[in-house]
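Chain letters run A, B, ... following the sequence lines, proteins first and then strands; every chain starts at 1. Computed over heavy atoms, backbone and side chain alike; hydrogens, waters and symmetry mates excluded.
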Amino acid sequence: MYSPLYDLNSVWDWNWGTAYDFTGEGGSNLPSGFRRTQRDNPNLRWETTTQHNLGLDFAFFAGKFGGSLDYYLKKTTDILMKPGTVATLGEGAQMWLNGADIDNKGIELTLNYADNFGNVGLNISGVVSHNKQRILKVPDEVINNFAGNGTDENILGRSRSSMYGYIVDGLFQSQAEVDAHATQVGAAPGRIRFRDINEDGKIDQEDRAWLGNQDPAAEYGVNVGVTWKNFDLAVFFNGLVGKKLNVQGWKSWTDIYALSTSGENYGTRLLDAWTPTNTHTTIPAISINNYNDEGRFSTYYVESGSDMKIRNVELGYTLPGTLLDRMNMKRVRLDLRADNVLLLKKTWGDNPYTGLDPETPGSGYPLPFSMTFALNVSF
Amino acid sequence: MKPLNLFSLGVILMLFGACESMLDTKPQGVVSDEDLNEPEQVEKMINAAYSFVGQNHFNKQMGMPYEEGSVRGGEAYKGGSGTNDNAERNRWETFTYMQPTNVGDLDNLWWVHYVAVGRVHDALRRVKNLTAEQYPLREQRIAELRFLRGHIYMYMKQCFKFFPYIDEDTPQDMYDQVSNDALSDQELWGKLIEDFRFAASVLPDAQAEVGRPTGFAAKAYLAKALIFAAYEQDDNHNVININREKLTEVAALCKDIIDHSGKRLAPDFAENFLCEYENGTESIWAIQYTTDTQTGRLNSWLVSPVNSDYGCCGFLQPSVNMLNRYKTVNGVPDFENFNTGILLDNKDAFAATPMDPRLMHTAAVPGMPWKYEPSYIMGENWVRTPEVYGYSMSQKLLVSPTSDCFKKTNPFMGAGLNWDVLRLDEVMLWRAEALIQLEQEMDETLRLINEIRERAANSTDRLKFADGTPTGRFDVQPYRPGVNCPAWTKDFAMQALRWERHLEFATEGKWFFDLVRWGIAAEQLNAYFAVEKTRRSYLRDANFTKNRDEYFPIPEVQISYVKGLYKQNAGW
């Protein structure tokens with residue numbers, strides 16, 4: 001597929017225009033032509049999804065305790081994608097094609113419990129789910145658009161969110177440590193030490209490994225409701241466990257001085273960067289040049305994305321009926337609601353989360369805490 | 001049924017009908033492959049191919065390879081806001097920390113050249129499917145396109161040595177199955193030579209449109225390909241043989257151009273770097289840049305000074321080593337001691353030191369007139385990061401901010417100044433080089449080099465302060481063996497030839513490739529670093545690794561796309 005383009009008026013994109021000044025005389029209407037914008041794919045098919053569910057609903061103790069268990073198999077075939085191409089294919093070589101077959105298997109368990117203890121009513125419901133994704137099939141020409149080493153290590157049998165990269169063994173603390181390590185271009189005290197996985201004495205792209213995937217082991221959500229006389233209280237919290245997160249996009253900016261824009265402001269994490277006297281840190285030394293290539297994808301950029309959030313808490317009070325009758329009202333309810341009340345994230349261990357909120361990893365702003373007071377009157 | 005409902009039904013039916021035919025309509029604004037095969041459309045595809053060869057975006061350019069050829073050759077520092085500004089180019093310049101996995105800029109350049117050659121092949125296939133009756137220009141356009149292909153692949157050859165060679169006969173579904181080691185070093189040169197030889201045999205002596213190559217342009221490019229191929233390399237880039245047959249042809253081709261093309265040296269060297277003389281007497285083939293497109297086809301994106309008349313970005317700052325090479329003693333280069341003693345990097349030194357005036361055409365320092373305007377004086381605040389890169393700026397590629405040829409593109413700026421890819425002065429020096437290596441017609445080699453030097457000596461009219469005094473102590477003379485230089489032996493002549501190329505083409509993106517061609521890159525560049533790092537501390541870790549740094553690594557991203565089919569260059 002081709003399209004005409006005289007000149008692309010953008011200094012930030014490279015110029016795909018087709019005009020040329022053959023005469024050397026200039027002029028505002030130079031001869032121009034066409035450029036290829038994408039390749040046709042006559043074999044393109046719609047992607048299809050098939051899903052099978054097996055469910056079980058149950059209730060015990062006169063309905064006080066109940067729930068459901070759902071097991072599903074979901075297979076998506078011929079996922080549409082427009083992958084990148086090797087340079088030799090040239091301009092407009094990209095095309096839409098049916099890229100992969102993906103298999104998702106999952107289980108979801110919902111539990112409810114409701115009971116009354118005198119004046120106190122209790123209602124708890126929870127859901128926990130687990131999903132496992134595997135890529136079953138990828139056309140050969142597309143496979144290196146997914147994680148992998150380009151030759152024998154590829155995405156097949158793994159989740160689409162799999163990560164492949166270098167393993168970091170802390171920072172070099174001394175020249176002696178640098179000397180004792182495999183040859184690593186740019187190595188120096190205070191710089192990131194990459195593991196020589198294949199033990200060939202040099203650090204290169206053969207020293208990459210699978211670093212897990214970004215799918216959580218489980219997602220959960222819990223609703224707790226309590227009533228007492230005319231008061232009601234509801235708390236909802238949810239979270240993820242066993243989740244890894246690729247934070248390369250922003251951590252390479254917050255932690256690696258040379259990868260940010262020189263002359264601009266930097267984040268406070270750099271205050272704890274390695275120096276000969278500040279060695280108990282994970283943040284590499286500040287340097288103008290990124291000779292150690294610390295922007296490369298590695299475990300430095302894999303953090304825990306597990307969290308637990310109290311999404312909202314709501315406290316309500318409903319006016320007693322006797323009062324309402326006198327005021328000709330059917331129902332009056334006052335409530336106070338708080339959103340985004342609490343975030344617990346993993347801040348310990350070897351992969352603590354260093355950003356604000358693992359749910360919005362690229363953002364410099366947390367989800368705002370807010371409180372709402374409501375008066376609800378029905379006549 | 002009420003009438004209204006009948007009407008509604010009609011509308012609905014009409015809509016359905018419309019949908020059916022709409023689905024069959026071709027999308028607007030796009031053209032399908034098979035609609036571009038008529039001669040008129042094929043001309044447009046050729047147009048697109050030329051246009052991309054003039055594509056010169058600031059960090060993905062097809063333009064003059066001044067960083068690849070001049071910054072890496074020690075003629076100039078990268079410049080800009082510091083070593084981390086366009087950081088990859090700092091690694092090109094210092095070599096030490098280059099890694100094939102960390103070369104996004106090279107990956108772009110690799111990609112951009114395949115886009116360019118892809119447009120050439122798209123057009124070429126369409127031209128070849130027409131007959132001469134349908135398309136009288138058929139043969140000539142084929143020759144032009146093959147010339148363009150040679151031009152594009154020349155960059156790949158000089159920078160990467162081995163690259164996947166694709167031509168118009170390669171099936172398009174096989175493009176990603178062509179390896180970069182399918183052809184040997186010499187076989188790849190052979191492909192370039194073949195294209196230029198064909199173009200030389202077909203193209204006319206003159207073209208009505210100056211942007212299209214003439215037969216003489218093809219001969220000049222053929223000579224260039226041959227002279228590079230003549231210095232035969234082993235697998236580790238060592239020069240192991242000099243091919244006399246190829247050099248003999250170079251000498252003959254260049255003589256043909258000098259004698260018959262009608263081209264002559266411009267009276268003043270300056271004319272090669274001023275818009276008003278574009279496509280002039282010395283230019284053999286140039287990329288036609290213009291300020292008439294919005295941003296599209298401009299030269300000199302990042303190399304302007306940072307004073308308010310320009311604005312950005314202060315790249316390409318001549319090295320002290322390069323400036324020092326313009327010192328003369330008895331009118332000839334100070335071969336042995338140029339890089340010691342007084343430094344030719346300031347106004348006082350210019351006034352006190354005998355020098356070749358070509359320095360003033362190439363570079364400027366604070367206090368000196370800029371771009372031949374006696375009262376437009378370069379200030380210290382024109383340079384961006386003097387604490388790292390000093391105070392020099394290059395000016396060959398720039399035009400005056402008051403010129404019609406200057407254009408601001410916010411936040412960048414550019415010039416409509418052409419890039420002379422092939423110029424008669426270089427053809428003369430190729431002939432001299434070939435003859436010196438062959439040890440033939442040594443008098444002729446002396447005459448050729450001296451003709452270049454005499455023109456340089458005469459290129460001082462524009463080099464004046466406002467009061468009319470010269471901007472430097474100019475003293476450049478022809479070589480007079482036994483008088484101001486030793487006997488004109490092969491060794492001395494070759495030294496003089498090398499020096500002349502440096503003085504004539506500094507900052508034009510040639511020197512590094514010259515050093516690799518001559519097989520002396522490692523010794524020359526490490527000698528350069530040994531001294532230059534005492535002047536510019538950012539060079540302290542710089543080191544050229546012999547048998548590796550002669551060529552860039554193949555970007556690993558590309559190797560990954562083809563699952564390891566490409567072979568990484570020696571040493572990487």
Side-chain angles (χ1 to χ4, degrees), chain A residues 1-11 13-28 30-37 40 84-93 140-141 143-144 148-151 185-186 204-205 258-259 262-263 288-293 295-296, chain B residues 29-33 36 44-45 47-48 50-51 54-55 57 60 81-85 87 90 97 99 101-102 110-112 114-115 117-119 122 164 166 175-176 178 209-212 278-279 288 290-297 409-412 416 418 556 558-564:
Chain A
M1 193 182 287
Y2 292 75
S3 75
L5 179 69
Y6 183 79
D7 178 47
L8 182 70
N9 185 21
S10 165
V11 295
D13 194 2
W14 48 321
N15 200 307
W16 300 94
T18 60
Y20 194 64
D21 182 16
F22 282 106
T23 63
E25 306 287 322
S28 57
L30 302 173
S32 64
F34 301 95
R35 67 190 189 102
R36 189 171 70 174
T37 49
D40 305 336
T85 57
V86 68
T88 50
L89 292 176
E91 178 180 23
D140 212 31
E141 64 267 31
I143 198 150
N144 289 339
N149 70 357
T151 52
V185 174
D204 58 20
Q205 55 169 0
L259 293 178
S262 64
I288 288 176
N289 300 303
N290 179 32
Y291 291 147
N292 196 35
D293 189 14
R296 69 178 97 178
Chain B
V30 299
V31 186
S32 72
D33 192 352
L36 296 170
K44 287 174 178 263
M45 299 311 290
N47 209 121
Y50 272 98
S51 179
Q55 193 279 130
H57 186 265
K60 299 169 179 175
S81 78
T83 52
N84 201 32
D85 185 7
N90 176 58
Y97 298 107
Q99 291 191 78
T101 48
N102 193 18
W110 176 282
W111 159 243
V112 96
Y114 276 103
V115 169
V117 91
R119 284 194 181 183
D122 190 306
I166 287 165
Y175 278 13
D176 53 359
V178 179
E209 295 178 314
V210 292
R212 299 185 193 272
E278 275 180 353
N279 303 309
Q288 306 289 322
T290 173
T291 52
D292 286 338
T293 50
Q294 288 159 311
T295 60
R297 301 297 177 256
T409 57
N410 187 35
F412 303 110
N418 284 354
E556 280 293 344
Q558 296 299 328
I559 299 181
S560 170
Y561 270 124
V562 291
K563 304 181 188 66

I need the [X] [atom1] to [Y] [atom2] distance, nearest 0.5 Å.
{"X": "B/D122", "Y": "A/R35", "atom1": "CG", "atom2": "CZ", "result": "12.5 Å"}
{"X": "A/E25", "Y": "B/D292", "atom1": "CD", "atom2": "CG", "result": "10.5 Å"}
{"X": "B/N90", "Y": "A/I288", "atom1": "CG", "atom2": "CD1", "result": "10.0 Å"}

So for [X], is it side chain, backbone, both, or neither that comes closer than 4.5 Å to the heavy atoms of chain A?
{"X": "B/F412", "value": "side chain"}
{"X": "B/D176", "value": "both"}
{"X": "B/N410", "value": "backbone"}
{"X": "B/I559", "value": "neither"}

Return the minimal non-hydrogen interatomic distance between [X] and [Y], and the atom names on each side.
{"X": "A/A19", "Y": "B/S51", "result": "O-OG, 2.7 Å"}
{"X": "B/S32", "Y": "A/Y2", "result": "C-CD1, 4.3 Å"}
{"X": "A/E91", "Y": "B/V115", "result": "CB-CG1, 3.6 Å"}
{"X": "B/K563", "Y": "A/I143", "result": "CE-CG2, 3.6 Å"}

Would you check if [X] and [Y] make a side-chain contact, meaning some heavy-atom pair closer than 4.5 Å?
{"X": "A/T18", "Y": "B/K44", "answer": "no"}
{"X": "A/D293", "Y": "B/Q99", "answer": "yes"}
{"X": "A/F22", "Y": "B/V210", "answer": "no"}

Looking only at B/N47, B/L36, B/D33, the option with the highest number of non-hydrogen pairs under 4.5 Å against chain A is B/N47
What residue, out of [options], has the most heavy-atom pairs lying under 4.5 Å from chain B?
{"options": "A/N289, A/N144, A/T88, A/D40", "answer": "A/T88"}
{"options": "A/T85, A/L89, A/N149", "answer": "A/T85"}
{"options": "A/G24, A/P4, A/S32, A/G26", "answer": "A/S32"}

Angle between ring planes, B/Y97 versus A/Y291, binned at 30° and 60°: parallel, tilted or perpendicular?
parallel
Donor-acceptor check, side chain of [X] to backbone of [Y], threshold 3.5 angstrom: yes or no?
{"X": "B/R297", "Y": "A/G17", "value": "yes"}
{"X": "B/Q558", "Y": "A/A87", "value": "yes"}
{"X": "B/N84", "Y": "A/A258", "value": "yes"}
{"X": "A/D21", "Y": "B/Q288", "value": "no"}

Against chain B, label A/D204 side chain, backbone, both or neither, depending on which of its atoms sit under 4.5 Å from a heavy atom there.
neither
Sort A/L5 into side chain, backbone, both or neither according to what part of it lies under 4.5 angstrom from a heavy atom of chain B.
neither
